[in-house]
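Each remark here refers to the structure printed beneath this line.
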Amino acid sequence: MIMSRIEARRDEDTVAAGPLVDRLLGGLPAEAVLTDPDVTASYANDMASFCPAGSPAVVVLPRTVEQVQHVMRTATELRVPVVPQGARTGLSGAANATDGCIVLSLTKMDRILEISPVDRIAVVEPGVINATLSRAVGEHGLSYPPDPSSWEMCTIGGNIGTASGGLCCVKYGVTAEYVLGLDVVLADGRLMSTGRRTAKGVAGYDLTRLFVGSEGSLGIVVRAVLALRPAPPEQLVLAAEFASGAAACDAVCRIMAGGHVPSLLELMDRTTVKAVNDMARMGLPESTEALLLAAFDTTDPAADLAAVGALCEAAGATQVVPAEDAAESELLLQARRMALVALEAVKGTTMIDDVCVPRSRLGEFIDGVERISEKYRLTIGVVAHAGDGNTHPTVCFDAQDPEESRRARESFDAIMALGLELGGTITGEHGVGVLKKEWLARELGPVGMEMQRAVKQVFDPLGILNPGKLF
């Protein structure tokens with residue numbers, strides 16, 4: 001009886017999907033085409049809150065460039081929308097399915113094709129996990145610096161699609177600065193190569209940068225040439241406790257104005273510190289209003305930490321604790337890595353914002369978020385890549401409480417408005433997706449939006465690539 005039900009469901013799915021599945025199976029192995037509604041539903045959304053998702057008609061898991069081309073040709077012929085996906089660790093709804101779409105999951109294209117210590121490049125497929133690449137190049141004495149918090153799960157293709165950042169951005173920059181060239185399957189199935197594998201190159205418009213951060217709306221990345229760097233020395237970390245967020249932000253300004261180049265400069269507010277203590281009993285000082293973590297991977301990190309420690313004390317730090325070795329450094333960083341999980345435990349659901357402001361206005365932003373927290377009667381913890389002004393205010397709420405959910409969404413919008421008011425941007429590394437479409441228009445203005453749509457029209461005239469995202 002069970003098998004009969006399974007077979008009946010398969011028959012119904014085949015009829016419902018009709019010509020689409022038949023056409024896809026003409027160029028793909030059967031195991032790469034998923035139609036069971038229970039299975040396809042599991043691919044419907046990423047990790048964002050308040051982002052609607054539709055029901056895919058089919059999920060496709062290609063392993064080759066030719067198979068991706070076949071999917072796009074089929075989609076173009078049948079006018080079916082395509083939603084590209086990686087590991088779905090995104091926080092903006094950019095990977096959310098639309099009704100009747102083809103979900104194009106690139107996780108099976110996970111080969112590292114080349115690592116060149118001489119040219120200092122890696123050539124990879126989009127499904128390669130960030131941490132896997134980092135470990136592989138480390139065996140050659142090299143590093144791939146972009147390190148999103150989800151680096152053990154997120155894919156390089158997803159990192160490229162959202163222009164991801166990470167903890168080390170303050171010194172090493174974001175994903176866009178490491179993508180030298182791309183192979184991209186266009187909406188009609190044609191294959192285009194952009195960029196280069198050389199150290200320099202300025203031929204024509206920089207189409208490579210155009211695709212980085214485009215959230216799958218312009219083409220499907222099937223291969224990437226990535227720049228590598230020599231592996232840095234082990235970093236040492238310092239923790240500084242402050243009696244106010246303003247004092248911690250003053251320390252950040254002093255450090256950056258002093259010409260220091262930390263490999264990491266992170267901030268946690270009192271709400272976050274308490275959440276980490278409550279979850280993991282880390283022993284962090286409950287009296288702190290803000291905790292600043294600074295790291296250096298220079299030839300003499302102890303001297304750099306001493307100089308930064310002095311600046312923190314001048315800004316009003318009540319305690320400065322420099323690590324003496326790598327083990328102590330790792331212990332200090334554990335609290336930062338646990339921050340988002342700890343905040344999620346406060347109420348069960350979080351909305352993680354991604355507002356970036358000028359460093360000089362970081363203190364104003366944190367004070368503003370505290371006022372928003374009080375206004376909406378919500379717990380909002382702030383963690384920040386303080387060295388580049390990229391903040392992650394995290395709204396904690398009970399998703400089962402409609403009234404609290406409404407206030408959570410309103411507070412999220414208030415935080416973005418505050419960021420723009422202070423000369424910032426609505427997203428520093430998570431992307432726009434579905435969550436921030438309205439705010440993208442506010443940030444770019446009518447002329448900017450007109451140009452954005454014009455670019456989209458050139459690459460995707462039928463509008464089948466990740467529709468409903470960005471704008």
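Both backbone and side-chain heavy atoms feed into the values below; hydrogens, waters and symmetry mates do not.
- Sorted by first then second residue, the ring pair (Phe, Tyr, Trp, His ring centres under 6.0 Å) pairs that include residues 381-429, not counting sequence neighbours, are Phe50-Phe397, His385-His392, His392-His430.
- In this structure Asp367 satisfies the salt bridge (Lys or Arg N to Asp or Glu O under 4.0 Å) test with no other residue, sequence neighbours excluded.
- Residues Asn159 and Tyr178 have side chains that never bring a donor and an acceptor to within less than 3.5 angstrom of each other.
- Scanning for salt bridge (Lys or Arg N to Asp or Glu O under 4.0 Å) contacts around Asp413 gives Arg409, with sequence neighbours left out.
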| task | Go through the steps for Glu114 and Val225 under the test side chain to side chain contact (heavy atoms under 4.5 Å, CB included), then give the verdict. | result | CA-CA 9 Å; Glu114 178 186 356; Val225 181; over 6 Å; no

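- Residues that satisfy the side chain to side chain donor-acceptor pair (under 3.5 Å) test with Thr425, not counting sequence neighbours, are Glu443.
- Take Arg270 and apply the salt bridge (Lys or Arg N to Asp or Glu O under 4.0 Å) test, not counting sequence neighbours, and it matches Glu289, Glu370.
- Among residues two or more places apart in sequence or in another chain, the side chain to side chain donor-acceptor pair (under 3.5 Å) test is passed with Ser217 by none.
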| request: Decide yes or no on salt bridge (Lys or Arg N to Asp or Glu O under 4.0 Å) for Glu330 and Arg337, but give the supporting numbers first. | output: CA-CA 10 Å; Glu330 181 58 31; Arg337 293 198 181 103; 2.5 Å; yes

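- Under the side chain to side chain donor-acceptor pair (under 3.5 Å) criterion, the residue pairs touching residues 235-245 are Gln235-Ser263, Glu241-Ser287, with sequence neighbours excluded.
- With sequence neighbours left out, the ring pair (Phe, Tyr, Trp, His ring centres under 6.0 Å) criterion links Phe211 to Phe459.
- Counting only residues at least two apart or in different chains, ring pair (Phe, Tyr, Trp, His ring centres under 6.0 Å) contacts with residues 306-353 are absent.
- For the side chain to side chain donor-acceptor pair (under 3.5 Å) test, no residue two or more places apart in sequence or in another chain qualifies with Thr155.
- Contacts of Arg223 classified as side chain to side chain donor-acceptor pair (under 3.5 Å), with partners at least two apart in sequence or in another chain: Asp183.
- A salt bridge does not link Glu410 to Arg407: none of the charged side-chain nitrogens sits closer than 4.0 Å to a carboxylate oxygen.
- For residues 302-321, the set of pairs meeting the side chain to side chain donor-acceptor pair (under 3.5 Å) definition, not counting sequence neighbours, comprises Thr298-Asp304.
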